[in-house]
Each structure stands twice: as C-alpha cells, then as structure tokens.
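The structure appears right after this line, and notes come after that.
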Amino acid sequence: MELLIMIDACKRASAGRITAVMPYYGYGRTDKKDQPRVPITARLVADLLTAAGADRVLTVDLHAPQYFADKGIDDLVVVAVDIGISKKARDVAERLSAPLAIIEKRRTDNSGESELMNVIGEVEGKVALTFDDEIDTGGTVVNAAKALLDHGVKEVYCCASHPVLSRNAPETMAQSPFTEIVVTDTIPISPDKRNGKITVLADPGERRVCGAATARCTGDPTRDYLRQLMPDDDELRDLIALAEEECLSELVDDEDEGTSIELHQVNEGTDDTYRGSQSKRQIYEHQHVDTLRRSEQRLEQEQRTLADCQAAAKEAQDRVPASPPPLDANALERRRAALRNARGRLNEYERARQSRETLVGQLNALIAGHESSDASSSAAPNPLATAVSRQVSDAEALEASAWRLLVEAAAPLGIDGDPTGAALDSTEARLETLRTALSTWNDAKEKVDEAKRRLEEQERRVEAAAASLTDANKSREAARSNWVEWLGQHGLPTSFTPDTVVEFLGHVETTRVKMEQVGDNRRRVSAIEFDIRQFRERVEPLALRHDVQVDSEDSSKLALAADELIRRLDEAETAYHSRERNREQAEEDRQLLEGRKRRLESAEEDLSALLTAGGTDDTEEFRRRARLDEERGGA
Ligand SMILES: O=P(O)(O)OC[C@H]1O[C@@H](O)[C@H](O)[C@@H]1O
C-alpha cells in the first residue's frame with residue numbers, strides 16, 4: 001500500500017517516468033488459475049501498480065550459479081522443484097554444466113500445502129541442488145529434498161531467490177536435510193529466523209541493476225560524500241604536499257625507481273581518483289578477474305569431463321567383441337524365417353508320416369482279419385483292404401513329398417543329414433546364440449558410437465571453454481592495460497593494484513587528517529606568537545622606563561622582566577593605596593575639625609545673643625541674674 005501511495009504521490013508531482021523497484025514481487029506465485037475459484041493475485045498486484053501510475057517494475061531473480069560453480073561440487077544435478085521453474089533451472093544447470101532433473105509437484109489446494117509426485121531424471125548417487133523462486137513455508141523444497149534422498153542422492157543443497165520464510169519455515173529449514181540453503185537478500189531475514197545452514201547472497205548483478213535504477217531516480221550520493229571527505233582546500237593541499245615524503249616512504253619501495261608520486265596532483269583529483277579507483281576496481285577485479293577465474297574453472301571442468309569421456313570411449317571400445325558375429329541382422333532374420341518354415345514343413349511331414357502309419361496299421365489289421373476268417377477265400381481280394389491299400393499308397397506319396405519339402409526347407413539352414421526336430425532345435429539354439437552375439441555386438445557398437453558422439457561433443461565444449469578463456473585473458477589484459485593507463489594518468493606507479501590504490505588513498509586521507517591537526521596546532525602557535533609579540537611590545541618600553549633588565553631574544557627573561565614590573569607595579573599600587581587611605585583620613589579629620597569649629601562659632605553667637613539679652617557681657621553676672629529671676633519666679 002505504501003508503494004502504491006508513493007507511486008501516486010510521484011505521479012501527482014508530475015514525475016516523467018516511475019519505476020517501482022521491488023526486489024521481491026509479493027504474491028508473484030499466484031500467477032495462474034490452476035484450480036477453480038482461485039484468485040490471480042499477481043495480476044491483481046500488477047493492475048494495482050499500473051493504476052497507481054508505475055511505468056515499470058524492477059524485480060529480482062536469483063542468478064547466482066557462480067556461487068555453486070565456485071564450490072566445485074562433483075556429480076552435481078540441478079533439480080527444478082516443480083515443472084513451472086524448470087526453464088530457469090535448466091539455465092542454471094547449463095551454466096553449471098550439470099544435468100537437470102525435475103520434480104513433478106501438484107498442489108492439492110490454494111492453502112500453500114504441496115504434494116510431491118515424481119522425480120524425472122537421473123539423480124541417484126549425485127549431489128542435488130534444488131532450485132526454486134521462493135521459500136515460503138519451506139514445504140516444497142523440504143519435500144523435494146526428501147524425495148531426492150529417497151531416490152538415492154548423496155547430498156542436497158538448496159537455492160532460491162526469495163526467503164519469505166513464513167509460518168514454521170525457519171524451524172522446517174533448520175531441521176531439513178539440506179547441507180546449505182542459499183538465498184538472496186531481497187527479503188531481510190531477521191536474526192531469529194536465521195540458522196547456520198542459510199547463506200544470504202547479495203548478488204552484485206542484482207545490486208547493479210537495482211542500484212542503476214535507483215541512481216537514475218536519485219542521483220549519486222557517493223559524490224557528495226566524497227566531496228565532504230576531500231574538500232578542495234588550498235591549505236590542506238599544501239599540508240598534504242608537505243607530507244609527501246612521509247607518505248612516499250610508507251608506500252613506495254625505495255629501490256623502485258621512477259615511482260615518484262605527486263601527492264598534491266593526486267589530491268587535486270582525489271575524489272575522482274577515489275571514485276575512479278572504486279569503479280576500476282570493480283571492472284578490473286570483480287568483472288575480469290572473476291570471469292577469468294570462472295573461465296579457468298570451466299576449462300578445467302570441461303577437461304576433466306573430456307578425460308572421463310575419453311576413458312568411457314576406450315572402455316566402450318574395449319567391450320566390443322574381438323570379432324564381429326558371422327551373420328548380420330538381415331541374414332539372421334532370414335535364417336529364423338527359414339527355421340520357422342522348416343518347422344512348418346517338419347510338422348506337415350510328421351502329420352503325413354502319422355497318417356501313413358495309421359493307414360498301414362489299418363491295412364495290416366484288415367489283411368490279418370480276412371485271412372483268419374475265411375481261409376478258402378483268402379485268395380480273393382478284399383475290397384476294403386484294396387481301398388485302404390490305395391490310401392496307404394497315397395499317404396506314402398504324400399509323406400515322400402512332405403519329406404522332400406522338409407529337406408528343401410532345411411537346406412538353407414545347413415542341415416545336411418536328417419532334418420529331424422532335434423536338428424531343428426539345435427539349429428534354433430545356434431541361431432539364438434548368434435542373435436545374442438549380434439545383439440551384444442550391436443549394443444557395444446552403439447555404446448562406442450554414443451561415447452564417440454559424447455567425446456566429440458565434449459571436445460567441442462573444451463574448445464569453446466578454451467576460446468572463452470582466451471577471450472577472458474584478452475579482456476583481462478585489456479582491462480589491465482586500461483588500469484595501467486589510468487594509473488599513469490593519475491601519476492600513480494603502474495605497480496599499484498586496486499588494493500594498493502585504496503591503501504594509498506587511505507594514507508592520503510590519514511595524512512590529510514594529520515596535516516589538519518598540524519595546521520590547527522600551527523594556527524594555535526601563531527596565535528600564541530602574536531600574543532607574545534604584543535606582550536613584548538608593551539613590556540619592553542615599560543621595562544626601559546622602570547629600569548628593568550630585558551633580554552629581547554629570550555621570552556622567558558621577558559617574562560621575568562614582566563614579573564619584576566608587575567611586582568613593582570604591585571608595590572606602587574600598595575603605596576598609592578596607603579597614601580590614598582592617609583589622605584582620606586586627613587580629609588576626614590579636617591572635616592571633623594571644621595564641623596566642630598562651626599558648632600563652636602554658633603554657640604558663641606548664641607551666647608553673645610543671650611548676654612546681650614541679659615544686659616551684660618559678663619557671664620558670671622549673667623548667671624547671678626538668671627538665678628535671681630528663677631528665685632523670684634518661684635516665690
Ligand atoms: O512450499 P512453500 O515454501 O510454502 O512455497 C514455495 C513454493 O510455492 C510456489 O508458488 C513457489 O514457486 C515455490 O515453489
């Protein structure tokens with residue numbers, strides 16, 4: 001639903017084109033109406049995506065037979081766990097140069113339970129690799145594994161694109177007979193669902209596909225990141241240039257002449273270099289080196305198979321009898337027809353002989369009866385006997401004729417004496433021996449032809465594998481020279497591999513960080529020096545003025561002078577403060593005195609006024625009169 005909403009949002013924001021990247025296309029398995037009254041949910045989801053506004057859906061399938069090619073498993077057979085997946089399984093089998101077997105499976109309902117039916121193909125004694133699109137409950141693949149083990153496989157591996165792992169699947173898979181279960185990361189597997197058997201492949205091809213589609217929509221975030229990592233800063237560049245010697249000594253062997261690296265040059269294009277080295281690394285290492293390794297492995301495998309085919313051809317040839325049978329199939333068939341004919345003739349002859357013997361017996365009985373019954377008439381012919389006698393003659397003629405025909409029929413069989421039943425039986429036994437010899441010969445010849453066909457086919461495969469290896473070598477060489485050219489363009493030694501470039505860039509980055517720290521420290525030192533300069537400019541004139549010794553070269557002496565000046569200043573300040581305090585005290589005393597003076601003057605004025613009012617200027621007289629007044633007032 002979120003995806004539909006996002007697509008709708010993009011559409012309403014006027015997106016030119018909308019690609020939904022869905023590593024796992026959920027409900028994809030319900031893609032046909034294989035029973036009455038079931039939904040076609042895959043179609044429904046597609047319709048929903050289309051209605052929301054998606055132009056394209058990008059989804060993922062497992063294309064990782066390389067993983068199993070690298071394992072180098074002998075006697076591998078790829079097994080499609082149902083007929084529906086057999087086409088894809090066949091591709092995998094071809095890429096692994098392994099035969100294909102198919103399990104015929106039929107679901108009984110739409111609940112997800114499955115029923116195994118039949119294993120089609122040779123699996124006995126082999127290592128089976130079951131291939132499927134997804135593992136949901138795990139029922140299909142586990143049943144497949146059991147069926148395969150029942151059919152005599154030695155070991156079973158499993159690979160599938162999507163690990164849905166619903167219901168009890170984690171336990172089912174953990175307890176399954178699989179040696180390893182290989183899936184992709186289209187659906188994240190939570191840690192509690194994992195077990196030691198499950199290997200999750202992050203297929204680089206799929207990553208590239210998804211990555212490319214995503215990058216088209218979002219741009220490349222790596223660039224911004226690298227920009228941050230490697231700011232284009234003059235000071236930094238200078239600092240890195242300063243670290244050149246250090247870095248070179250770490251990176252380049254001293255004896256390796258001509259490998260001087262202009263680090264500042266490298267730094268100028270470091271983000272490009274870094275990015276470039278990553279992509280080159282992918283091309284140089286992952287693509288070409290992997291292709292080369294695969295091609296080598298394939299050639300080795302094809303050569304091993306060729307050796308097997310040669311051994312099989314020789315064995316088939318050794319099984320061919322030393323001399324061919326004396327008859328070919330047509331001649332043998334003619335003899336067998338002749339034998340059937342001779343048997344027919346023998347039967348006819350036997351019937352004729354029996355018939356003649358019966359008649360002779362009857363005739364003899366007639367003659368004997370006639371002689372005993374009537375001796376006088378014994379000379380007279382007995383008409384019955386005469387008739388039987390004629391029949392005997394006819395029977396004898398028939399017998400002779402049947403014998404001739406029998407002899408004629410037996411002649412092609414090489415029966416020279418009496419063509420009796422025993423002779424025909426022994427001829428039949430001889431023909432049976434010949435037939436067996438002929439069939440053995442033909443079988444052996446057929447096996448030789450088949451082995452030769454396989455050998456020729458395998459020789460072609462070896463040639464093709466050798467050609468691919470040559471191509472892979474060429475491609476790798478081309479990639480290598482591109483790489484070397486690229487190293488040259490970036491001022492790097494041609495001995496660098498992608499790893500050493502990454503290591504080198506690591507050093508550049510470490511140096512950059514160290515130099516940043518050096519720069520910071522230098523800036524701090526400059527600030528301190530500036531402060532000292534200012535300090536000196538202030539201290540020196542003061543020292544001169546106050547007669548304090550200063551060594552202008554020695555900052556520590558400058559500090560001593562500053563201390564002396566400060567001490568003197570402190571003394572002066574103390575003296576000043578003491579003076580100030582005395583001065584303030586004197587002022588206070590003066591003010592007190594003045595106050596007292598003013599109060600005295602005022603008292604004198606008051607006294608003078610009183611005396612004037614008392615009519616005397618003598619204070620004693622004034623007191624006497626005052627006492628007198630008081631006494632009068634009291635009386
Ligand atoms: O048997 P489980 O694991 O539940 O379901 C997975 C199988 O169901 C099919 O639609 C898939 O293609 C796969 O073969």
Side-chain angles (χ1 to χ4, degrees), residues 61-80 85-102 120-129 131 154 157 159 182 201 203-205 208 282-320 442-484:
D61 249 345
L62 179 63
H63 293 288
Q66 186 57 42
Y67 179 80
F68 288 95
D70 289 347
K71 279 188 171 286
I73 301 170
D74 288 331
D75 295 329
L76 191 68
V77 55
V78 174
V79 182
I85 199 79
S86 58
K87 246 173 122 182
K88 281 183 186 161
R90 191 191 57 206
D91 294 345
V92 172
E94 267 174 18
R95 288 176 62 181
L96 289 172
S97 305
L100 174 71
I102 300 171
I120 305 166
E122 291 288 318
V123 294
E124 193 176 343
K126 293 182 184 285
V127 176
L129 167 61
F131 182 83
K154 292 191 289 198
Y157 286 82
C159 74
V182 178
L201 294 185
D203 184 280
R208 278 200 291 279
Q282 280 174 356
I283 293 167
Y284 174 70
E285 278 199 335
H286 296 303
Q287 192 170 326
H288 293 285
V289 178
D290 280 5
T291 309
L292 189 64
R293 200 186 61 229
R294 271 204 302 277
S295 303
E296 280 167 354
Q297 283 172 347
R298 186 180 151 208
L299 181 58
E300 276 170 24
Q301 193 178 347
E302 298 296 9
Q303 279 169 336
R304 277 200 298 276
T305 312
L306 180 66
D308 292 347
C309 288
Q310 283 164 338
K314 184 170 176 318
E315 195 184 326
Q317 188 60 51
D318 290 348
R319 283 177 192 269
V320 177
N442 285 341
D443 285 353
K445 278 301 217 186
E446 242 174 51
K447 285 196 174 124
V448 168
D449 290 346
E450 176 61 22
K452 275 188 186 160
R453 260 198 310 283
R454 285 209 183 134
L455 186 58
E456 281 165 13
E457 166 71 10
Q458 193 53 35
E459 280 167 351
R460 280 195 291 278
R461 290 176 74 101
V462 170
E463 273 171 28
S468 320
L469 180 58
T470 310
D471 288 349
N473 263 317
K474 278 189 198 149
S475 305
R476 192 183 171 213
E477 270 320 300
R480 204 182 150 66
S481 51
N482 280 345
W483 170 251
V484 168

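Values in this document were obtained by computation on a predicted structure and should not be read as measured data.
- In this structure, Ile102 and Ser86 approach most closely via the heavy-atom pair CD1-CB, 3.7 Å.
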Between Lys474 and Glu477, does a salt bridge (Lys or Arg N to Asp or Glu O under 4.0 Å) hold up when you go through it step by step?
-> CA-CA 5 Å; Lys474 278 189 198 149; Glu477 270 320 300; over 6 Å; no

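- Between Phe68 and Val78, the closest side-chain pair of non-hydrogen atoms is not below 4.5 Å.
- One N or O on the side chain of Gln458 and one on the backbone of Glu302 form a donor-acceptor pair closer than 3.5 Å.
- Going from atom CZ of Arg304 over to atom CG of Leu306 covers 12.0 Å, rounded to the nearest 0.5 Å.
- Qualifying salt bridge (Lys or Arg N to Asp or Glu O under 4.0 Å) partners for Lys154, counting only residues two or more places apart in sequence or in other chains: Asp75.
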List the steps and the verdict of salt bridge (Lys or Arg N to Asp or Glu O under 4.0 Å) for Lys314 and Asp318.
-> CA-CA 6 Å; Lys314 184 170 176 318; Asp318 290 348; 3.0 Å; yes

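- Phe131 and Ile85 get closest at one heavy-atom pair: O-CG2, 3.6 Å.
- When all heavy atoms are compared, the tightest approach of Leu96 to Ala69 is CD2-N, 3.5 Å.
- Annotation: Glu450, atom CD; neighbour count of heavy atoms from other residues, nucleotides and ligands within 6.0 Å is above 12.
- Of all heavy-atom pairs spanning Ala451 and Ala313, the tightest one is CB-CA, 3.6 Å.
- Using a 4.5 Å heavy-atom threshold, the side chains of Glu459 and Leu455 count as touching.
- Smallest separation of non-hydrogen atoms from Ala128 and Val79: CB-CG2, 3.9 Å.
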For salt bridge (Lys or Arg N to Asp or Glu O under 4.0 Å), just list the numbers for Lys452 and Glu456, CA-CA rounded to whole Å, side-chain angles, deciding distance to a tenth of an Å, and then say yes or no.
-> CA-CA 6 Å; Lys452 275 188 186 160; Glu456 281 165 13; over 6 Å; no

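- Counting non-hydrogen atoms of neighbouring residues, nucleotides and ligands closer than 6.0 angstrom, the CZ atom of Arg319 reaches no more than 12 such neighbours.
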Where do Tyr157 and Ile73 land on the side-chain contact (heavy atoms from CB on, under 4.5 Å) test, with the steps shown first?
-> CA-CA 10 Å; Tyr157 286 82; Ile73 301 170; 3.7 Å; yes

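- Closest non-hydrogen pair, Leu299 versus Val462, comes out as CD1-O, 3.7 Å.
- Contact check for Arg298 versus Ser468: side-chain heavy atoms found under the 4.5 Å cut-off.
- Summarising the geometry, atom CZ belonging to Arg454 is positioned 10.5 Å from atom CD belonging to Glu457; distances are rounded to the nearest 0.5 Å.
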Hey, mind stepping through Lys88 and Val92 against side-chain contact (heavy atoms from CB on, under 4.5 Å) and telling me if it holds?
-> CA-CA 6 Å; Lys88 281 183 186 161; Val92 172; 5.7 Å; no

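- Annotation: side chain of Gln301 is not in contact with side chain of Gln297 (no heavy-atom distance under 4.5 Å).
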